[in-house]
Trainee: 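Sharing a structure here in C-alpha coordinates format.
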Number of protein chains: 2
Amino acid sequence: MSDRVVPEPQRRRRRPTKQGVVLSAELIVDTAIRLIGQHGAEALTVRRLGAALGADPSAVYRYFHSTDDLLLAIADELIGRAQHGWQPTGDWRTDLRAIGLRIHASYQAHPQAALLAAHRTTGRTHEIAAVEAILGILRTAGFPDAEAVRVYHAFVDQSLAFAALDAAALALPAPAAAADLQVWQASYARLDAATHPHIAATAHLLTADMRRSGYPYALDLLLDAAGARLRSAGAGHDG
Amino acid sequence: MSDRVVPEPQRRRRRPTKQGVVLSAELIVDTAIRLIGQHGAEALTVRRLGAALGADPSAVYRYFHSTDDLLLAIADELIGRAQHGWQPTGDWRTDLRAIGLRIHASYQAHPQAALLAAHRTTGRTHEIAAVEAILGILRTAGFPDAEAVRVYHAFVDQSLAFAALDAAALALPAPAAAADLQVWQASYARLDAATHPHIAATAHLLTADMRRSGYPYALDLLLDAAGARLRSAGAGHDG
DNA sequence: AGGCTATGTCAAGCGAGTTGACGTAGAGAA
DNA sequence: TTCTCTACGTCAACTCGCTTGACATAGCCT
(Lines give C-alpha, C1' and ligand atoms only; values in the text may rest on other atoms or scores of the structure.)
Protein backbone atom coordinates (compact mmCIF):
# COMPACT_ATOMS: atom_id res chain seq x y z
CA MET A 1 0.00 0.00 0.00
CA SER A 2 2.06 2.92 -1.29
CA ASP A 3 -0.84 5.29 -0.60
CA ARG A 4 0.36 5.73 2.92
CA VAL A 5 2.80 8.31 1.60
CA VAL A 6 1.55 11.86 1.41
CA PRO A 7 3.38 13.99 -1.20
CA GLU A 8 5.53 16.73 0.32
CA PRO A 9 3.41 19.74 -0.66
CA GLN A 10 0.29 18.26 0.94
CA ARG A 11 1.84 17.61 4.32
CA ARG A 12 0.20 19.59 7.08
CA ARG A 13 0.61 18.20 10.54
CA ARG A 14 3.94 18.11 12.30
CA ARG A 15 2.87 15.67 14.95
CA PRO A 16 5.57 14.58 17.38
CA THR A 17 6.11 10.92 18.11
CA LYS A 18 5.66 9.46 21.56
CA GLN A 19 9.27 10.29 22.25
CA GLY A 20 8.80 13.87 21.09
CA VAL A 21 10.50 13.78 17.70
CA VAL A 22 8.98 15.64 14.76
CA LEU A 23 9.58 13.51 11.68
CA SER A 24 10.33 14.61 8.13
CA ALA A 25 11.70 12.96 5.01
CA GLU A 26 14.90 14.92 5.42
CA LEU A 27 15.38 13.85 9.03
CA ILE A 28 14.79 10.22 8.10
CA VAL A 29 17.37 10.32 5.28
CA ASP A 30 19.95 12.01 7.49
CA THR A 31 19.34 9.57 10.30
CA ALA A 32 19.65 6.63 7.93
CA ILE A 33 22.99 7.90 6.58
CA ARG A 34 24.23 8.44 10.11
CA LEU A 35 23.10 4.95 11.07
CA ILE A 36 25.03 3.38 8.20
CA GLY A 37 28.11 5.41 9.01
CA GLN A 38 28.07 4.61 12.70
CA HIS A 39 27.10 0.99 12.87
CA GLY A 40 27.87 -0.44 9.46
CA ALA A 41 25.75 -1.54 6.58
CA GLU A 42 23.66 -4.07 8.48
CA ALA A 43 22.43 -1.35 10.81
CA LEU A 44 20.03 -0.02 8.20
CA THR A 45 16.80 -1.85 8.89
CA VAL A 46 13.41 -0.24 9.24
CA ARG A 47 13.16 -1.44 12.81
CA ARG A 48 16.49 0.05 13.83
CA LEU A 49 15.80 3.21 11.87
CA GLY A 50 12.58 3.60 13.80
CA ALA A 51 14.43 3.14 17.06
CA ALA A 52 17.13 5.65 16.07
CA LEU A 53 14.45 8.16 15.10
CA GLY A 54 12.46 7.64 18.26
CA ALA A 55 9.40 6.47 16.39
CA ASP A 56 7.52 3.36 15.42
CA PRO A 57 9.24 1.59 12.52
CA SER A 58 6.13 1.78 10.40
CA ALA A 59 6.16 5.56 10.59
CA VAL A 60 8.88 5.49 7.91
CA TYR A 61 6.23 4.27 5.49
CA ARG A 62 4.43 7.58 5.88
CA TYR A 63 7.36 9.16 4.05
CA PHE A 64 8.74 6.46 1.73
CA HIS A 65 6.93 3.81 -0.29
CA SER A 66 9.50 1.14 0.56
CA THR A 67 13.06 0.70 1.75
CA ASP A 68 14.14 0.86 -1.88
CA ASP A 69 12.47 4.23 -2.21
CA LEU A 70 14.32 5.35 0.90
CA LEU A 71 17.65 4.07 -0.43
CA LEU A 72 17.21 6.00 -3.67
CA ALA A 73 16.58 9.14 -1.67
CA ILE A 74 19.77 8.44 0.28
CA ALA A 75 21.74 7.90 -2.94
CA ASP A 76 20.45 11.15 -4.34
CA GLU A 77 21.54 12.99 -1.24
CA LEU A 78 25.01 11.47 -1.50
CA ILE A 79 25.45 12.55 -5.13
CA GLY A 80 24.92 16.07 -3.97
CA ARG A 81 27.48 15.77 -1.18
CA ALA A 82 30.10 14.17 -3.47
CA GLN A 83 30.63 17.06 -5.87
CA HIS A 84 31.05 19.59 -3.14
CA GLY A 85 34.00 21.97 -3.43
CA TRP A 86 36.15 20.54 -6.22
CA GLN A 87 38.29 22.98 -8.23
CA PRO A 88 40.25 22.18 -11.43
CA THR A 89 44.00 22.87 -11.55
CA GLY A 90 44.33 22.93 -15.34
CA ASP A 91 46.58 19.86 -15.54
CA TRP A 92 44.49 17.11 -17.09
CA ARG A 93 46.22 14.23 -15.32
CA THR A 94 46.05 15.84 -11.89
CA ASP A 95 42.43 16.78 -12.40
CA LEU A 96 41.28 13.39 -13.65
CA ARG A 97 43.14 11.66 -10.86
CA ALA A 98 41.52 13.91 -8.29
CA ILE A 99 38.04 13.35 -9.72
CA GLY A 100 38.54 9.60 -9.81
CA LEU A 101 39.71 9.43 -6.24
CA ARG A 102 36.89 11.73 -5.11
CA ILE A 103 34.24 9.58 -6.72
CA HIS A 104 35.76 6.50 -5.19
CA ALA A 105 36.10 8.03 -1.75
CA SER A 106 32.62 9.47 -1.60
CA TYR A 107 31.09 6.12 -2.46
CA GLN A 108 33.25 4.35 0.11
CA ALA A 109 31.84 6.64 2.75
CA HIS A 110 28.39 5.16 2.19
CA PRO A 111 28.87 1.68 0.76
CA GLN A 112 25.31 0.48 0.87
CA ALA A 113 23.93 3.40 -1.07
CA ALA A 114 26.89 3.14 -3.44
CA LEU A 115 25.92 -0.40 -4.33
CA LEU A 116 22.53 0.82 -5.45
CA ALA A 117 23.63 3.97 -7.21
CA ALA A 118 26.90 3.08 -8.90
CA HIS A 119 25.44 1.41 -11.96
CA ARG A 120 22.57 3.76 -12.71
CA THR A 121 22.55 6.63 -15.16
CA THR A 122 20.53 9.38 -13.57
CA GLY A 123 20.78 12.20 -16.09
CA ARG A 124 20.31 14.64 -13.24
CA THR A 125 22.16 17.89 -12.72
CA HIS A 126 25.07 16.68 -10.61
CA GLU A 127 25.82 13.82 -12.98
CA ILE A 128 25.62 16.09 -16.02
CA ALA A 129 28.03 18.53 -14.43
CA ALA A 130 30.55 15.75 -13.85
CA VAL A 131 30.30 14.48 -17.43
CA GLU A 132 30.81 17.98 -18.82
CA ALA A 133 33.81 18.56 -16.54
CA ILE A 134 35.55 15.30 -17.45
CA LEU A 135 34.95 15.68 -21.19
CA GLY A 136 36.19 19.25 -20.94
CA ILE A 137 39.39 18.17 -19.25
CA LEU A 138 40.09 15.58 -21.94
CA ARG A 139 39.25 17.76 -24.94
CA THR A 140 41.15 20.73 -23.56
CA ALA A 141 44.15 18.45 -23.03
CA GLY A 142 44.09 17.73 -26.74
CA PHE A 143 42.40 14.36 -27.01
CA PRO A 144 40.59 14.02 -30.35
CA ASP A 145 36.83 13.73 -29.80
CA ALA A 146 36.55 10.02 -30.54
CA GLU A 147 39.46 9.24 -28.25
CA ALA A 148 38.18 11.60 -25.57
CA VAL A 149 34.85 9.78 -25.50
CA ARG A 150 36.50 6.37 -25.22
CA VAL A 151 38.80 7.51 -22.46
CA TYR A 152 35.89 9.20 -20.71
CA HIS A 153 33.90 5.98 -20.88
CA ALA A 154 36.74 3.82 -19.59
CA PHE A 155 37.59 6.32 -16.87
CA VAL A 156 34.07 6.77 -15.55
CA ASP A 157 33.11 3.13 -15.73
CA GLN A 158 36.34 2.09 -14.06
CA SER A 159 35.80 4.60 -11.26
CA LEU A 160 32.23 3.48 -10.70
CA ALA A 161 33.04 -0.19 -11.08
CA PHE A 162 35.81 -0.05 -8.49
CA ALA A 163 33.67 2.11 -6.25
CA ALA A 164 30.95 -0.52 -6.35
CA LEU A 165 33.42 -3.36 -5.92
CA ASP A 166 35.06 -1.80 -2.89
CA ALA A 167 31.71 -0.66 -1.54
CA ALA A 168 30.45 -4.21 -1.77
CA ALA A 169 33.36 -5.36 0.34
CA LEU A 170 32.56 -2.72 2.94
CA ALA A 171 28.85 -3.47 2.84
CA LEU A 172 29.41 -7.14 3.51
CA PRO A 173 28.19 -8.50 6.83
CA ALA A 174 31.11 -8.37 9.26
CA PRO A 175 31.82 -12.13 9.39
CA ALA A 176 31.84 -12.46 5.60
CA ALA A 177 34.18 -9.50 5.22
CA ALA A 178 36.56 -10.95 7.78
CA ALA A 179 36.47 -14.31 6.03
CA ASP A 180 37.34 -12.73 2.67
CA LEU A 181 40.42 -11.06 4.12
CA GLN A 182 41.42 -14.12 6.08
CA VAL A 183 41.50 -16.22 2.92
CA TRP A 184 44.79 -14.67 1.83
CA GLN A 185 46.56 -15.78 4.99
CA ALA A 186 44.67 -18.96 5.73
CA SER A 187 44.60 -20.35 2.23
CA TYR A 188 46.97 -18.65 -0.22
CA ALA A 189 49.88 -18.17 2.16
CA ARG A 190 49.98 -21.91 2.88
CA LEU A 191 50.08 -23.30 -0.62
CA ASP A 192 52.97 -25.59 -1.51
CA ALA A 193 55.71 -24.14 -3.69
CA ALA A 194 55.81 -27.41 -5.61
CA THR A 195 52.22 -27.15 -6.83
CA HIS A 196 51.80 -23.35 -6.82
CA PRO A 197 55.24 -21.82 -7.30
CA HIS A 198 54.10 -18.35 -8.31
CA ILE A 199 51.69 -17.90 -5.42
CA ALA A 200 54.21 -19.30 -2.97
CA ALA A 201 56.90 -16.93 -4.22
CA THR A 202 54.73 -13.84 -3.82
CA ALA A 203 52.46 -14.81 -0.93
CA HIS A 204 53.91 -12.23 1.43
CA LEU A 205 53.41 -9.50 -1.16
CA LEU A 206 49.90 -10.71 -1.96
CA THR A 207 48.64 -10.71 1.61
CA ALA A 208 49.90 -7.15 2.02
CA ASP A 209 48.62 -5.82 -1.30
CA MET A 210 45.18 -7.40 -1.27
CA ARG A 211 44.23 -5.56 1.90
CA ARG A 212 44.16 -2.32 -0.01
CA SER A 213 41.94 -1.25 -2.86
CA GLY A 214 43.43 -1.89 -6.28
CA TYR A 215 41.83 1.30 -7.58
CA PRO A 216 44.57 3.91 -7.13
CA TYR A 217 47.08 1.76 -9.00
CA ALA A 218 44.58 0.85 -11.70
CA LEU A 219 43.74 4.52 -12.07
CA ASP A 220 47.42 5.39 -12.53
CA LEU A 221 47.77 2.72 -15.17
CA LEU A 222 44.75 4.08 -17.03
CA LEU A 223 46.10 7.61 -16.92
CA ASP A 224 49.55 6.40 -18.03
CA ALA A 225 48.10 4.69 -21.08
CA ALA A 226 45.81 7.62 -21.89
CA GLY A 227 48.81 9.94 -21.74
CA ALA A 228 50.75 7.72 -24.13
CA ARG A 229 47.89 7.73 -26.61
CA LEU A 230 47.56 11.48 -26.32
CA ARG A 231 51.27 11.90 -27.16
CA SER A 232 51.17 9.62 -30.18
CA ALA A 233 47.74 10.51 -31.59
CA GLY A 234 47.21 14.19 -30.95
CA ALA A 235 50.79 15.39 -31.51
CA GLY A 236 50.03 18.57 -33.44
CA HIS A 237 46.68 19.66 -31.96
CA ASP A 238 45.87 22.88 -30.24
CA GLY A 239 43.88 22.68 -26.97
CA MET B 1 25.60 -25.17 13.97
CA SER B 2 28.10 -25.54 11.15
CA ASP B 3 28.81 -29.11 12.20
CA ARG B 4 25.95 -30.32 10.08
CA VAL B 5 28.27 -30.23 7.09
CA VAL B 6 30.30 -33.33 6.44
CA PRO B 7 33.52 -32.67 4.49
CA GLU B 8 33.52 -34.11 0.98
CA PRO B 9 36.00 -36.95 1.53
CA GLN B 10 33.96 -38.34 4.42
CA ARG B 11 30.68 -38.51 2.58
CA ARG B 12 29.39 -42.04 2.27
CA ARG B 13 25.68 -42.42 1.77
CA ARG B 14 23.92 -41.21 -1.31
CA ARG B 15 20.47 -41.19 0.15
CA PRO B 16 17.70 -40.01 -2.19
CA THR B 17 15.20 -37.40 -1.04
CA LYS B 18 11.49 -38.09 -0.80
CA GLN B 19 11.16 -37.01 -4.40
CA GLY B 20 13.93 -39.35 -5.45
CA VAL B 21 16.73 -36.87 -6.01
CA VAL B 22 20.26 -37.76 -4.95
CA LEU B 23 21.83 -34.58 -3.65
CA SER B 24 25.42 -33.42 -3.97
CA ALA B 25 27.25 -30.13 -3.51
CA GLU B 26 27.73 -29.99 -7.26
CA LEU B 27 24.05 -30.50 -8.01
CA ILE B 28 23.07 -27.83 -5.51
CA VAL B 29 25.47 -25.28 -7.03
CA ASP B 30 24.31 -26.03 -10.57
CA THR B 31 20.67 -25.80 -9.55
CA ALA B 32 21.32 -22.50 -7.77
CA ILE B 33 23.00 -21.01 -10.84
CA ARG B 34 20.12 -22.19 -13.01
CA LEU B 35 17.59 -20.75 -10.58
CA ILE B 36 19.29 -17.38 -10.60
CA GLY B 37 19.53 -17.40 -14.36
CA GLN B 38 15.89 -18.23 -14.83
CA HIS B 39 14.18 -16.13 -12.19
CA GLY B 40 16.67 -13.48 -11.13
CA ALA B 41 18.87 -13.01 -8.13
CA GLU B 42 15.93 -12.74 -5.74
CA ALA B 43 14.94 -16.27 -6.70
CA LEU B 44 17.89 -17.64 -4.77
CA THR B 45 16.45 -18.42 -1.36
CA VAL B 46 17.00 -21.60 0.57
CA ARG B 47 13.30 -22.35 0.42
CA ARG B 48 13.07 -22.00 -3.34
CA LEU B 49 16.33 -23.83 -3.83
CA GLY B 50 14.95 -26.74 -1.84
CA ALA B 51 11.82 -26.75 -3.94
CA ALA B 52 13.84 -26.66 -7.18
CA LEU B 53 16.01 -29.51 -5.96
CA GLY B 54 13.09 -31.61 -4.82
CA ALA B 55 14.26 -31.66 -1.22
CA ASP B 56 13.63 -30.04 2.12
CA PRO B 57 15.24 -26.59 2.28
CA SER B 58 17.25 -27.54 5.31
CA ALA B 59 18.96 -30.32 3.37
CA VAL B 60 21.12 -27.61 1.82
CA TYR B 61 22.73 -27.15 5.22
CA ARG B 62 24.10 -30.68 5.01
CA TYR B 63 26.34 -29.41 2.22
CA PHE B 64 26.95 -25.73 2.99
CA HIS B 65 27.43 -24.00 6.32
CA SER B 66 25.28 -21.05 5.28
CA THR B 67 23.92 -19.26 2.23
CA ASP B 68 27.14 -17.28 2.16
CA ASP B 69 29.11 -20.49 1.96
CA LEU B 70 26.92 -21.53 -0.95
CA LEU B 71 27.43 -18.19 -2.63
CA LEU B 72 31.21 -18.63 -2.49
CA ALA B 73 30.85 -22.03 -4.10
CA ILE B 74 28.79 -20.44 -6.87
CA ALA B 75 31.43 -17.75 -7.36
CA ASP B 76 34.18 -20.35 -7.63
CA GLU B 77 32.18 -22.37 -10.12
CA LEU B 78 31.82 -19.31 -12.34
CA ILE B 79 35.57 -18.71 -12.18
CA GLY B 80 36.11 -22.32 -13.15
CA ARG B 81 33.76 -22.05 -16.12
CA ALA B 82 35.66 -18.98 -17.28
CA GLN B 83 38.96 -20.88 -17.29
CA HIS B 84 37.52 -23.97 -18.93
CA GLY B 85 39.48 -24.98 -22.00
CA TRP B 86 41.81 -22.01 -21.99
CA GLN B 87 45.34 -22.59 -23.26
CA PRO B 88 48.23 -20.15 -22.84
CA THR B 89 49.97 -18.90 -25.99
CA GLY B 90 53.14 -17.79 -24.21
CA ASP B 91 52.65 -14.12 -25.07
CA TRP B 92 51.79 -12.42 -21.79
CA ARG B 93 49.68 -9.66 -23.32
CA THR B 94 47.61 -12.01 -25.46
CA ASP B 95 47.12 -14.39 -22.55
CA LEU B 96 46.10 -11.74 -20.02
CA ARG B 97 43.73 -10.17 -22.48
CA ALA B 98 42.11 -13.53 -23.17
CA ILE B 99 41.71 -14.30 -19.48
CA GLY B 100 40.23 -10.89 -18.76
CA LEU B 101 37.70 -11.17 -21.55
CA ARG B 102 36.85 -14.73 -20.51
CA ILE B 103 36.17 -13.75 -16.91
CA HIS B 104 34.03 -10.87 -18.08
CA ALA B 105 32.10 -13.07 -20.50
CA SER B 106 31.55 -15.84 -17.98
CA TYR B 107 29.99 -13.45 -15.51
CA GLN B 108 27.90 -11.78 -18.21
CA ALA B 109 26.40 -15.19 -18.97
CA HIS B 110 24.98 -15.22 -15.43
CA PRO B 111 24.45 -11.57 -14.55
CA GLN B 112 22.39 -12.16 -11.45
CA ALA B 113 24.91 -14.55 -9.99
CA ALA B 114 27.75 -12.22 -10.97
CA LEU B 115 26.16 -9.43 -8.98
CA LEU B 116 26.25 -11.54 -5.85
CA ALA B 117 29.56 -13.28 -6.39
CA ALA B 118 31.94 -10.98 -8.25
CA HIS B 119 33.30 -9.20 -5.20
CA ARG B 120 34.06 -12.19 -3.01
CA THR B 121 37.35 -13.94 -2.40
CA THR B 122 36.64 -17.65 -2.39
CA GLY B 123 40.05 -19.19 -1.75
CA ARG B 124 38.78 -22.33 -3.48
CA THR B 125 40.33 -24.46 -6.16
CA HIS B 126 39.20 -22.65 -9.31
CA GLU B 127 40.13 -19.27 -7.92
CA ILE B 128 43.51 -20.50 -6.75
CA ALA B 129 44.19 -21.94 -10.20
CA ALA B 130 43.35 -18.62 -11.82
CA VAL B 131 45.57 -16.67 -9.42
CA GLU B 132 48.48 -19.04 -10.05
CA ALA B 133 48.01 -18.78 -13.81
CA ILE B 134 47.89 -14.99 -13.88
CA LEU B 135 50.86 -14.56 -11.55
CA GLY B 136 52.75 -17.07 -13.63
CA ILE B 137 52.10 -15.14 -16.81
CA LEU B 138 53.32 -11.90 -15.25
CA ARG B 139 56.44 -13.31 -13.59
CA THR B 140 57.41 -15.32 -16.63
CA ALA B 141 57.05 -12.16 -18.71
CA GLY B 142 59.68 -10.57 -16.52
CA PHE B 143 57.70 -8.41 -14.11
CA PRO B 144 59.55 -8.07 -10.79
CA ASP B 145 57.56 -9.71 -8.00
CA ALA B 146 56.33 -6.51 -6.38
CA GLU B 147 55.21 -5.11 -9.72
CA ALA B 148 53.67 -8.43 -10.72
CA VAL B 149 51.52 -8.44 -7.60
CA ARG B 150 50.36 -4.88 -8.15
CA VAL B 151 49.50 -5.54 -11.79
CA TYR B 152 47.80 -8.78 -10.81
CA HIS B 153 45.69 -6.94 -8.26
CA ALA B 154 44.70 -4.16 -10.64
CA PHE B 155 44.00 -6.62 -13.45
CA VAL B 156 41.82 -8.97 -11.43
CA ASP B 157 39.90 -6.26 -9.65
CA GLN B 158 39.33 -4.44 -12.90
CA SER B 159 37.96 -7.59 -14.52
CA LEU B 160 35.67 -8.40 -11.61
CA ALA B 161 34.61 -4.80 -11.10
CA PHE B 162 33.60 -4.36 -14.73
CA ALA B 163 31.97 -7.78 -14.71
CA ALA B 164 29.82 -6.72 -11.78
CA LEU B 165 29.09 -3.31 -13.27
CA ASP B 166 28.00 -4.71 -16.61
CA ALA B 167 26.15 -7.54 -14.91
CA ALA B 168 24.21 -4.99 -12.91
CA ALA B 169 23.11 -3.32 -16.13
CA LEU B 170 22.00 -6.65 -17.57
CA ALA B 171 20.27 -7.67 -14.37
CA LEU B 172 18.25 -4.49 -14.13
CA PRO B 173 14.48 -4.83 -14.59
CA ALA B 174 13.73 -4.20 -18.27
CA PRO B 175 12.07 -0.79 -17.87
CA ALA B 176 14.86 0.52 -15.64
CA ALA B 177 17.51 -0.68 -18.09
CA ALA B 178 15.74 0.98 -20.98
CA ALA B 179 15.43 4.19 -19.01
CA ASP B 180 19.15 4.21 -18.24
CA LEU B 181 20.06 3.88 -21.92
CA GLN B 182 17.44 6.37 -22.99
CA VAL B 183 19.00 9.03 -20.79
CA TRP B 184 21.84 9.52 -23.26
CA GLN B 185 19.48 10.43 -26.05
CA ALA B 186 16.71 12.03 -24.07
CA SER B 187 18.86 14.12 -21.79
CA TYR B 188 22.49 14.40 -22.84
CA ALA B 189 21.91 14.69 -26.58
CA ARG B 190 19.64 17.70 -26.04
CA LEU B 191 21.87 19.84 -23.89
CA ASP B 192 22.63 23.33 -25.12
CA ALA B 193 26.09 23.93 -26.60
CA ALA B 194 26.19 27.25 -24.79
CA THR B 195 25.94 25.72 -21.33
CA HIS B 196 27.49 22.30 -22.03
CA PRO B 197 29.88 22.71 -24.99
CA HIS B 198 31.83 19.51 -24.49
CA ILE B 199 28.81 17.25 -24.18
CA ALA B 200 27.13 18.95 -27.13
CA ALA B 201 30.22 18.51 -29.30
CA THR B 202 30.51 14.80 -28.58
CA ALA B 203 26.89 13.80 -28.01
CA HIS B 204 26.70 11.66 -31.14
CA LEU B 205 29.86 9.80 -30.10
CA LEU B 206 28.66 9.44 -26.54
CA THR B 207 25.30 7.89 -27.38
CA ALA B 208 27.05 5.34 -29.59
CA ASP B 209 29.88 4.52 -27.19
CA MET B 210 27.85 4.28 -24.00
CA ARG B 211 25.81 1.40 -25.40
CA ARG B 212 28.84 -0.85 -25.25
CA SER B 213 30.82 -2.02 -22.29
CA GLY B 214 33.83 0.12 -21.51
CA TYR B 215 35.77 -2.93 -20.38
CA PRO B 216 37.66 -4.00 -23.53
CA TYR B 217 39.07 -0.52 -23.99
CA ALA B 218 39.88 -0.15 -20.29
CA LEU B 219 41.60 -3.53 -20.38
CA ASP B 220 43.73 -2.45 -23.34
CA LEU B 221 44.75 0.70 -21.51
CA LEU B 222 45.76 -1.33 -18.47
CA LEU B 223 47.81 -3.74 -20.57
CA ASP B 224 49.41 -0.81 -22.43
CA ALA B 225 50.54 0.76 -19.19
CA ALA B 226 51.71 -2.52 -17.72
CA GLY B 227 53.77 -3.15 -20.86
CA ALA B 228 55.38 0.27 -20.55
CA ARG B 229 56.32 -0.39 -16.94
CA LEU B 230 57.72 -3.78 -17.87
CA ARG B 231 59.93 -2.18 -20.51
CA SER B 232 61.27 0.54 -18.23
CA ALA B 233 61.61 -1.50 -15.03
CA GLY B 234 62.73 -4.94 -16.15
CA ALA B 235 64.85 -3.90 -19.13
CA GLY B 236 67.54 -6.56 -18.76
CA HIS B 237 65.44 -9.52 -17.67
CA ASP B 238 65.14 -12.89 -19.27
CA GLY B 239 61.68 -14.49 -19.77
C1' DA C 1 23.00 -59.76 9.37
C1' DG C 2 23.52 -55.98 12.14
C1' DG C 3 25.07 -51.60 13.71
C1' DC C 4 26.66 -47.04 13.03
C1' DT C 5 25.96 -42.75 11.21
C1' DA C 6 25.26 -39.71 7.32
C1' DT C 7 21.71 -37.26 5.90
C1' DG C 8 16.80 -36.11 4.68
C1' DT C 9 12.82 -34.21 7.18
C1' DC C 10 10.08 -31.76 10.49
C1' DA C 11 8.91 -28.04 13.35
C1' DA C 12 10.02 -24.08 15.51
C1' DG C 13 12.57 -19.71 16.54
C1' DC C 14 14.13 -15.18 15.34
C1' DG C 15 14.26 -11.17 12.63
C1' DA C 16 13.40 -8.90 8.21
C1' DG C 17 9.84 -5.82 5.52
C1' DT C 18 5.23 -4.56 5.16
C1' DT C 19 0.23 -3.28 5.92
C1' DG C 20 -4.73 -2.84 7.82
C1' DA C 21 -7.05 -0.77 11.55
C1' DC C 22 -7.39 2.59 14.93
C1' DG C 23 -7.23 6.76 17.62
C1' DT C 24 -5.68 11.25 18.36
C1' DA C 25 -3.20 15.51 17.78
C1' DG C 26 -3.45 19.68 15.70
C1' DA C 27 -4.13 22.88 11.65
C1' DG C 28 -7.71 25.62 9.48
C1' DA C 29 -12.34 27.68 9.18
C1' DA C 30 -16.19 29.79 11.37
C1' DT D 1 -13.12 29.82 20.86
C1' DT D 2 -14.83 25.74 19.04
C1' DC D 3 -15.56 22.36 15.65
C1' DT D 4 -14.23 19.38 12.05
C1' DC D 5 -11.42 16.72 9.35
C1' DT D 6 -7.54 14.14 8.36
C1' DA D 7 -2.52 13.35 8.61
C1' DC D 8 0.13 10.36 10.74
C1' DG D 9 2.01 7.77 14.77
C1' DT D 10 1.06 3.33 16.80
C1' DC D 11 -0.15 -1.43 17.32
C1' DA D 12 -0.54 -6.00 15.99
C1' DA D 13 -0.24 -9.31 12.75
C1' DC D 14 1.13 -11.34 8.30
C1' DT D 15 4.55 -13.24 5.06
C1' DC D 16 8.90 -14.65 4.09
C1' DG D 17 13.85 -14.83 4.99
C1' DC D 18 17.73 -18.01 7.34
C1' DT D 19 18.91 -21.28 10.60
C1' DT D 20 18.97 -25.27 13.86
C1' DG D 21 17.68 -29.08 17.37
C1' DA D 22 15.47 -33.34 17.31
C1' DC D 23 14.21 -37.30 15.00
C1' DA D 24 13.90 -41.16 11.78
C1' DT D 25 15.86 -44.04 8.39
C1' DA D 26 18.57 -45.64 4.55
C1' DG D 27 22.54 -47.81 3.28
C1' DC D 28 27.70 -48.59 3.73
C1' DC D 29 30.99 -51.38 6.39
C1' DT D 30 32.31 -55.28 8.99
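Remember, it's a predicted structure, so these values are computed and weren't measured experimentally.
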Trainee: Picking from C/dT7, D/dC8, C/dG8, which would you name as closest to the side chain of B/Thr17?
Mentor: C/dG8

Trainee: Is B/Tyr63 near enough to C/dG8 that one of its side-chain N or O atoms lies under 4.0 angstrom from OP1 or OP2?
Mentor: yes

Trainee: Which is more 5' along DNA chain D, the nucleotide nearest B/Asp56 or the one nearest A/Arg47? Just name the residue.
Mentor: A/Arg47

Trainee: When you look at A/Phe64 and A/Leu71, which way does the side chain to side chain contact (heavy atoms under 4.5 Å, CB included) test go after all the steps?
Mentor: CA-CA 9 Å; A/Phe64 300 97; A/Leu71 277 165; over 6 Å; no

Trainee: Rounding to a whole Å, what distance do you find between B/Tyr61:OH and C/dT9:C1'?
Mentor: 15 Å

Trainee: Separation of A/Leu71 atom CG from C/dT18 atom P, in whole Å?
Mentor: 10 Å

Trainee: Is there a donor-acceptor contact under 3.5 Å linking the side chains of A/Ser66 and A/Asp68?
Mentor: no

Trainee: For the pair made of CG in A/Leu49 and P in D/dG9, what is the distance, rounded to whole Å?
Mentor: 13 Å

Trainee: Mind checking if B/Thr45 touches a base, just sugar-phosphate, or nothing, with heavy atoms under 4.0 Å?
Mentor: sugar-phosphate

Trainee: Between the base of C/dC10 and the side chain of B/Ser58, is there a donor and acceptor pair under 3.5 angstrom?
Mentor: yes

Trainee: Between atom CG in B/Leu23 and atom P in C/dG8, what is the gap in whole Å?
Mentor: 5 Å

Trainee: Counting just side-chain N and O atoms, does B/Arg48 come under 4.0 Å of either OP1 or OP2 of D/dG17?
Mentor: yes

Trainee: D/dT20 P sits how many Å from B/Arg62 CZ, rounded?
Mentor: 11 Å

Trainee: Could you tell me how far apart A/Leu44 (CG) and C/dA16 (P) are, to the nearest whole angstrom?
Mentor: 11 Å

Trainee: From the options D/dT10, D/dT19, D/dA24, select the nucleotide whose nearest atom is closest to the side chain of B/Val46.
Mentor: D/dT19

Trainee: Within this structure, what is the CZ-to-C1' distance between B/Arg4 and C/dG8, rounded to whole angstrom?
Mentor: 10 Å

Trainee: Within the 4.0 Å heavy-atom criterion, would you say A/Thr67 contacts the bases, only the backbone, or no part of the nucleic acid?
Mentor: sugar-phosphate

Trainee: Going by atom types alone, do B/Asp145 and A/Thr202 pair a side-chain donor with an acceptor below 3.5 Å?
Mentor: no

Trainee: Could you tell me if the side chain of A/Tyr217 sits less than 4.5 Å from the side chain of B/His153, heavy atoms only?
Mentor: no

Trainee: Which part of the nucleic acid does B/Ala59 contact within heavy-atom distance under 4.0 Å: base, sugar-phosphate only, or nothing?
Mentor: base

Trainee: Determine the contact category for B/Pro16: base if any of its heavy atoms lies under 4.0 Å from a base atom, sugar-phosphate if only primed atoms, P, OP1 or OP2 are that close, otherwise nothing.
Mentor: sugar-phosphate

Trainee: Could you verify whether a donor N or O on one side chain and an acceptor N or O on the other, from A/Ser24 and A/Tyr63, lie under 3.5 Å apart?
Mentor: no

Trainee: Nearest-Å distance, CG (A/Asp69) to P (C/dT18)?
Mentor: 10 Å

